[in-house]
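For reference, the structure is listed below as structure tokens.
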Amino acid sequence: MSHEIPEKPALEGLEAKWGETWETEGTYSFDRARAVQLGKESVFSVDTPPPTASGSLHIGHVFSYTHMDLAARYQRLNGKVIFYPMGWDDNGLPTERRVQNYYGVRCDPTLPYIDGFVPPFEGGDNKSSKAADQVPISRRNFIELCEKLTVEDEKQFEDLWRTLGLSVDWKQTYRTIGDESQRTAQRAFLRNVKRGEAYQADAPTLWDVTFRTAVAQAELEDKEMPGAYHSIVFHGANGDITIDTTRPELLPACVALVAHPEDERYKPLFGTTVRTPLFGVEVPVMPHHLAQPDKGTGIAMVCTFGDTTDVTWWRELQLPTRAIMGFDGRIVSEAPAGIDSEEQRAIYAELAGKTVFSAKARIVELLTESGEMIGQARPIQHPVKFFEKGDKPLEIVTTRQWYISNGAKDESLRSRLLERGTQVDFHPDFMRVRYDNWVEGLNGDWLISRQRFFGVPIPVWYPLDADGNPVYDSPILPAEESLPVDPTSQAAPGYTEDQRGKAGGFQGELDIMDTWATSSLTPQIAGRWAEDDELWNLVFPYSLRSQGQDIIRTWLFSTVLRAELEHGQAPWANAGISGFIVDPDRKKMSKSKGNVVTPQGMLDEHGSDAVRYWAASSRLGTDAAFDPENPKQIKIGRRLAIKVLNAAKFVYSFAHTDGAEVTEELDRDMLRRLAEVVRSATESYEKFDHARALEVTEQFFWTFTDDYLELVKERAYREAGSEGQASAVAALRLAIDVFLRLLAPVLPFATEEVWRWTHAGSIHTSSWPTVAEIPVNGESNGLLDLCGAALVGIRGAKTEAKASQKTPVTHAVIEGPAALAAAQADLAAVGRIVELELRTADTVAVVSIVLEEAAE
RNA sequence: GGGCGGUUAGCUCAGGGGUAGAGCACCACAUUCACACUGUGGGGGUCGCAGGUUCGAAACCUGCACCGCCCA
């Protein structure tokens with residue numbers, strides 16, 4: 001049943017109206033039966049980015065998620081069975097931080113659970129508040145709040161995506177903290193362990209002292225920070241040696257001095273030892289190529305650990321460990337090996353318990369008193385490694401952590417990963433280079449354990465020996481059937497809960513997994529890997545991964561890695577990479593600025609089709625400037641959507657003759673042009689070039705309304721079935737039918753509205769237009785363009801005369817190719833020309849035009 | 001320091017060896033008969049700079065400058 005054409009069509013309310021209809025009709029549901037029947041080749045599966053359910057969605061999300069939806073909608077119209085799930089990334093640090101601020105609490109795992117706990121407040125301003133003001137609560141209470149808040153966030157996110165018109169199958173949703181995700185993440189991890197791809201190691205680990213957690217390479221960020229060189233004096237057998245350091249507080253952790261092997265100044269010292277100032281610890285002087293002769297005095301002190309170069313020296317020169325940095329970022333109370341005498345211990349005690357900042361100040365005083373520091377500290381700016389979400393510089397501490405091999409130490413794996421990269425079609429292609437660079441630059445395995453609370457538990461236990469010490473080398477693993485498990489609340493297999501923590505018993509792993517360890521498995525989670533083989537085989541490998549360029553090194557890479565380790569193949573055929581949104585002044589849109597205008601506000605104010613048009617007009621991989629004060633592209637999109645409604649309504653107002661043929665030459669030429677647009681738009685969508693498809697469609701649509709529709713409307717107004725009338729109306733209606741489907745991916749609401757005036761079902765489950773369905777196709781004879789040129793001449797003449805376009809013309813002479821004669825009547829009608837004379841010439845020109853005298 | 005993109009009209013961008021393009025903005029004109037969230041027309045550019053290839057370069061090559069991003 002078709003709907004009535006409204007008196008005055010409008011965009012307002014279309015989102016709610018059609019969103020509801022699509023939901024009840026199941027327009028975007030994954031049609032599994034059809035997929036099974038037609039086979040995997042018929043399925044177009046999308047690996048969607050689960051947005052972080054911790055803050056708010058911004059305009060950049062709308063941008064890239066629309067790009068993904070355009071591809072899905074095109075493929076759906078093209079007859080594919082679409083598998084288009086949506087997930088929420090709700091585990092991890094961002095959620096913890098948001099919960100802390102929103103409810104004014106913080107997690108203290110040592111506290112007992114409080115039944116019916118009521119947080120001090122709700123709806124904090126989401127700015128970092130002081131830990132001292134937060135109420136400490138148990139891990140279980142904390143996690144309950146995490147779940148409560150993320151469910152609320154996710155509801156809002158879903159509402160926004162529905163308003164935007166994402167053609168997601170809302171029955172296919174998951175949460176990265178949900179049981180299914182935990183089961184998948186733990187299953188994949190267990191298989192990694194069994195194949196030797198996941199392992200534990202005691203290793204220097206980049207450590208964030210604020211969050212008290214280990215940090216992976218992918219989460220690092222360099223920041224330029226002020227620092228200062230301190231010149232301090234070491235004592236050798238043949239005199240003193242001065243070194244420059246920015247970290248004098250690490251002096252007790254000093255294990256060696258290094259200089260470049262070719263550095264003549266220090267060559268004689270290699271192989272000798274020197275004594276550290278204040279502590280008198282004997283350390284070797286050694287050569288290493290990473291020492292920079294031009295930096296400071298050219299000889300550096302190696303501490304365990306000041307920075308990542310120290311780690312390299314420590315490993316390659318096989319130096320001892322004298323760690324002094326605690327997990328809280330304070331100097332540990334016990335002095336390291338080598339500091340043995342009363343006197344030295346007393347000096348060390350002055351530093352113990354101090355923060356890096358205070359320890360530095362005190363040791364400078366001590367060195368100055370002892371005369372072992374030369375001059376004052378000299379301020380410099382230098383890059384310092386930070387956790388990307390952290391506020392304090394990272395420290396390096398030695399801890400036992402879980403790792404997954406990522407090719408950094410395994411050339412065979414690395415080359416396989418590079419190979420997989422070549423098997424994915426990147427859009428645009430140059431984005432592949434970022435993946436390649438990342439893989440080639442990996443220098444450590446993937447650290448996946450995190451000392452946090454809200455995430456997927458690492459599913460292992462450790463047996464305790466007779467002395468009650470954990471035997472890390474023989475972890476106890478759960479059976480896959482028992483997943484998901486939480487080792488902190490469930491007893492290890494073969495043990496009972498009362499053996500927890502007892503000699504001869506077990507202890508559970510406290511750490512959780514890095515959030516990327518879960519989100520790297522989005523294809524497996526959404527496709528129900530190892531749980532629903534039929535579904536899995538239909539959707540994997542996926543057709544498309546869609547994401548932003550900023551997470552190529554994290555999400556894209558880690559997904560390829562997990563797919564390679566688990567399945568030995570690339571996870572997708574295509575990767576569509578969206579650019580990001582920049583301010584009018586070319587800066588990356590910041591939250592503080594971008595949040596002034598919320599996506600929901602944009603959608604409400606301009607309409608979803610208009611916002612989608614804006615996103616669709618940018619190509620993949622291209623950054624888009626966006627000025628919330630003046631959203632030009634959005635307004636243009638809105639105008640297009642309104643034009644679609646009105647043009648269609650106009651066309652449907654003409655008397656229509658069933659089965660009429662398109663006989664008039666002008667009508668036939670318009671259809672030939674339309675066929676060319678269909679061909680071109682199809683080719684563009686096949687290449688994931690939605691912007692090009694939109695451009696060619698839109699351009700011809702305006703030609704269609706401004707020129708063709710004007711040229712034939714007088715003819716179309718005539719009595720039904722009269723000379724040429726039926727031809728015009730048949731051509732108009734066919735063109736609208738085709739245009740609607742060409743524009744449906746970009747303007748799903750306006751096109752659906754119009755489509756239902758004359759069709760029973762949804763436009764979105766109709767079929768993509770083809771050249772074959774247009775009865776006239778082939779090369780255009782140029783008639784429409786000739787008429788367009790003649791129109792410009794006529795209109796120009798009237799504008800020149802400051803006359804209305806409706807002013808009648810008593811006589812006009814138009815030159816042009818002889819073909820123009822085929823449209824003589826239409827030209828005369830649109831120009832209101834009583835007597836139109838055509839003369840043959842190479843180019844179109846209005847030679848003379850005589851306007852009727854004004855009535856008054 | 002290495003890599004990747006970019007630099008075309010006031011703005012946002014397309015194009016890509018053969019007469020410089022679109023939309024917006026601007027200016028002028030029109031105005032109730034699909035559309036005022038309107039229609040028509042107009043002005044506006046040494047295509048970042050310097051070399052080279054070519055009959056011909058905005059496009060291809062080389063170098064440089066500047067902007068952005070990624071990695072050291």
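Naming convention: chains lettered A, B, ... in sequence-line order (proteins, then strands); numbering from 1 in each chain. The basis for the numbers below is simple: all heavy atoms, side chains too, and nothing from hydrogens, waters or symmetry mates.
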Practice item. Summarise how protein sits on nucleotides 1-6 of chain B as a single string, 5' to 3': B when a protein heavy atom is under 4.0 Å from the base, S for sugar-phosphate-only contact, - for no contact. Key: --SS--

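- Nearest nucleotide to the Arg619(A) side chain, out of C13(B), A34(B), C69(B): C13(B).
- For RNA chain B, the neighbouring residues in residues 642-651 of chain A, judged by any heavy atom under 4.0 Å, are Ile642(A), Lys643(A), Asn646(A), Ala647(A), Phe650(A).
- For the pair Tyr652(A) and A34(B), the criterion of a side-chain N or O lying under 4.0 Å from OP1 or OP2 is not met.
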Which pairs would a plain distance check flag for residues 738-750 of chain A, meaning a side-chain donor or acceptor within less than 3.5 Å of a matching protein atom at least two apart in sequence or in another chain?
residue: Arg741(A); atom: NE; partner: Asp737(A); partner atom: O; Å: 3.1
residue: Arg741(A); atom: NH1; partner: Ser767(A); partner atom: O; Å: 3.0
residue: Arg741(A); atom: NH1; partner: Glu773(A); partner atom: OE1; Å: 3.2
residue: Arg741(A); atom: NH1; partner: Glu773(A); partner atom: OE2; Å: 3.3
residue: Arg741(A); atom: NH2; partner: Asp737(A); partner atom: OD2; Å: 3.4
residue: Arg741(A); atom: NH2; partner: Glu773(A); partner atom: OE2; Å: 2.5

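- Proximity of Arg553(A) to the phosphate of C71(B): a side-chain N or O atom is located under 4.0 Å from OP1 or OP2.
- Comparing atom distances between the Ser804(A) side chain and each of C11(B), A30(B), A34(B) picks out A30(B) as nearest.
- Listed candidates were C35(B), C29(B), U40(B). Nearest to the side chain of Glu710(A) is C35(B).
- In this view, Ala648(A) and Tyr652(A), Ile736(A), Val754(A), Trp757(A) satisfy the side chain to side chain contact (heavy atoms under 4.5 Å, CB included) rule, not counting sequence neighbours.
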Study note, to complete from the structure: Dot-bracket for RNA chain B, 5' to 3', Watson-Crick and G-U pairs with both distances under 3.5 Å, [ ] for crossing pairs, | for partner on another strand, reads (((((((..((((....[..)))).(((((.......))))).....(((((..]....)))))))))))).

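- Ring orientation note: the planes of Tyr65(A) and His61(A) are tilted relative to one another, at an angle of 30° to 60°.
- Scanning atom types as modelled, no donor and acceptor separated by under 3.5 angstrom connect the side chain of Lys8(A) and the base of C35(B).
- For the pair Tyr708(A) OH and A34(B) P, the interatomic distance rounds to 17 Å; values are reported in whole Å.
- At whole-Å resolution of the value, CD1 in Ile5(A) and P in A34(B) are 14 Å apart.
- The salt bridge (charged side-chain N to carboxylate O under 4.0 Å, His left out) test applied to Arg420(A) returns Glu564(A), not counting sequence neighbours.
- Side chain of Arg639(A), nearest nucleotide from G39(B), U40(B), A34(B): G39(B).
- Rounded to the nearest 0.5 angstrom, Tyr613(A) OH and Lys635(A) NZ are separated by 14.5 Å.
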